[in-house]
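Remember, it's a predicted structure, so these values are computed and weren't measured experimentally.
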Amino acid sequence: MRKTAKFFLKLILGFIGFLLIYILSAFLLPKIPVNSDVTADGKTIQVYILSNGVHTDIVLPVKNDLYDWSQKVKFENTIAKDSTAQLVAFGWGDKGFYLETPTWDDLKFSTAFKAASGLSTSAIHTTFYKSLKENAQCKRLLISESEYMKLVGFITNSFKQDSDNFLKIETDAVYGKNDAFYEAKGSYSLFHTCNTWTNNALKAADQKAALWTPTDIGILNHYTK
């Protein structure tokens, strides 16, 4: 009986210790900047970091002289099929959260557990926009052609592909008339969240980022003026 009690006590203390270390890391590591000396001088391609207050997307031109996203993220995969959109947003995340949790009230313990532990699969949510207005939760960046292609490479490599085509997820669980879901590589976890993915995308493109962050604030704080 004592051995059992000691085991559970160690288990509880270990969990509390892990939680404290995680919280401390989530508070401190986002403050450490990466590529803090980046400037927009001579750079002409506009991209955006877009947050909904919890989750971040990277937003790129639908098409320019360097890359045409509409060849793989097709307008016809959305309800609206609106080909006049000028921007496309990419957000990586847990597939269960995306497709089974339209609101926080719909969150199931099994979905949260799988997401936190890295046991579930992931998806990329794409959304078309005609324009965006810069504000506290929408940051505009100017990047170079070479930086843009690094960003394209990172995002493209995050999709699961078949014969060079992105794999659309057939679902009615879309957020509006201009979005769609695609199969993605990797697993969501406490250590690799949707915002960690966005932060890694910025790193890949040699842009300002946090050393590591699980939250949107950890990214946006590096873009406050």
Side-chain angles (χ1 to χ4, degrees), residues 21-62 64 66-67 69 73 87-95 97-98 115-116 118 122-127 129 132-160 182 184-225:
I21 292 172
Y22 182 84
I23 293 172
L24 187 63
S25 298
F27 177 74
L28 293 177
L29 295 183
K31 296 180 182 296
I32 302 174
V34 175
N35 302 324
S36 58
D37 58 347
V38 173
T39 69
D41 295 344
K43 302 177 181 181
T44 58
I45 301 176
Q46 295 186 66
V47 301
Y48 297 84
I49 305 167
L50 179 64
S51 172
N52 66 2
V54 177
H55 166 92
T56 50
D57 286 350
I58 291 283
V59 189
L60 282 65
V62 170
N64 59 20
L66 299 174
Y67 199 80
W69 284 107
V73 181
L87 302 167
V88 58
F90 298 89
W92 179 95
D94 180 76
K95 189 175 180 179
F97 264 106
Y98 270 143
S122 59
I124 291 178
H125 182 229
T126 65
T127 309
Y129 294 95
L132 286 175
K133 184 176 181 180
E134 191 172 15
N135 55 45
Q137 293 188 317
C138 181
K139 301 296 183 179
R140 183 175 68 96
L141 289 66
L142 290 175
I143 65 176
S144 69
E145 292 186 356
S146 62
E147 291 167 345
Y148 182 74
M149 290 311 297
K150 289 178 181 178
L151 188 55
V152 168
F154 179 91
I155 295 173
T156 300
N157 192 50
S158 297
F159 283 87
K160 283 186 178 179
Y182 296 84
K185 298 177 183 177
S187 297
Y188 187 103
S189 73
L190 288 173
F191 304 100
H192 189 252
T193 70
C194 54
N195 299 305
T196 308
W197 180 85
T198 299
N199 192 62
N200 288 341
L202 294 168
K203 286 183 184 178
D206 300 322
Q207 299 305 300
K208 291 188 294 184
L211 181 64
W212 172 79
T213 181
T215 68
D216 65 328
I217 296 299
I219 299 171
L220 297 178
N221 281 346
H222 294 280
Y223 288 89
T224 56
K225 295 180 181 179

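W92 and S122 get closest at one heavy-atom pair: NE1-OG, 3.4 Å. Minimum interatomic distance between L142 and Q46 (heavy atoms only, all atoms of both residues): CD2-CG, 3.5 Å. The two residues A210 and G218 come nearest to each other via the heavy atoms CB-O, 3.6 Å.
The environment of CD in Q137 is crowded: more than 12 heavy-atom neighbours from other residues, nucleotides or ligands sit within 6.0 Å.
Distance alone, capped at 3.5 Å, places no donor-acceptor pair between the H125 side chain and the A89 backbone. For D206 (side chain) and E147 (main-chain N/O), no donor-acceptor pair under 3.5 Å exists by modelled atom type. A donor-acceptor pair is defined here as one N or O able to donate and one able to accept, closer than 3.5 Å; no such pair exists between the side chain of K208 and the backbone of L202. Under a 3.5 Å cut-off, the side chain of D57 and the backbone N or O of V59 do not form any donor-acceptor pair.
The aromatic rings of H55 and Y98 lie perpendicular to each other, with more than 60° between the two planes, well past the 30° mark. The aromatic rings of Y22 and F191 sit perpendicular, their planes meeting at an angle over 60°, well past the 30° parallel limit. Ring geometry for W197 against F154 counts as tilted: the plane angle lies between 30° and 60°, on a 0 to 90° scale.
Contact of the V38 side chain with the K43 side chain is registered, since non-hydrogen atoms from C-beta on lie closer than 4.5 Å. For the pair W212 and N199, the minimum side-chain heavy-atom distance is 4.5 Å or more. Within the 4.5 Å cutoff, the side chain of I45 has heavy atoms near those of the L66 side chain. Within the 4.5 Å cutoff, no side-chain heavy atoms of Y48 are placed close to those of L141. Contact check for D216 versus I219: no side-chain heavy atoms found under the 4.5 Å cut-off. Between I143 and V47 there is a side-chain heavy-atom pair separated by less than 4.5 Å. Residues T213 and N221 have side chains not in contact (no heavy-atom distance under 4.5 Å, counting atoms from C-beta outward).
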- Message: Between W69 and Y67, does the ring-ring contact (aromatic ring centres under 6.0 Å, His included) criterion hold? Intermediate values first, please.
- Response: CA-CA 6 Å; W69 284 107; Y67 199 80; 4.7 Å; yes
- Item | Candidate pair L60 and I155, rule side chain to side chain contact (heavy atoms under 4.5 Å, CB included), full reasoning | CA-CA 11 Å; L60 282 65; I155 295 173; 4.0 Å; yes
- Please walk me through it: do T56 and N195 pass side-chain hydrogen bond (donor to acceptor under 3.5 Å, both in side chains)? CA-CA 6 Å; T56 50; N195 299 305; 2.7 Å; yes
- Query: Checking side chain to side chain contact (heavy atoms under 4.5 Å, CB included) for the pair H192/N200: CA distance, chi angles, key distance, verdict?
  - Reply: CA-CA 10 Å; H192 189 252; N200 288 341; 4.0 Å; yes
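Looking at K185 and N157, their side chains do bring a donor and an acceptor atom within 3.5 Å of each other.
Taking CD1 from I23 and CG from L28, the interatomic distance works out to 11.5 Å, rounded to the nearest 0.5 Å. Residue T224 holds its OG1 atom at 6.5 Å from NZ of K139, rounded to the nearest 0.5 Å. Atom CD1 of I124 is separated from atom NZ of K160 by 11.0 Å, given to the nearest 0.5 angstrom. If you take OG1 on T126 and CZ on F90, they are separated by 7.0 Å, rounding to the nearest 0.5 Å.
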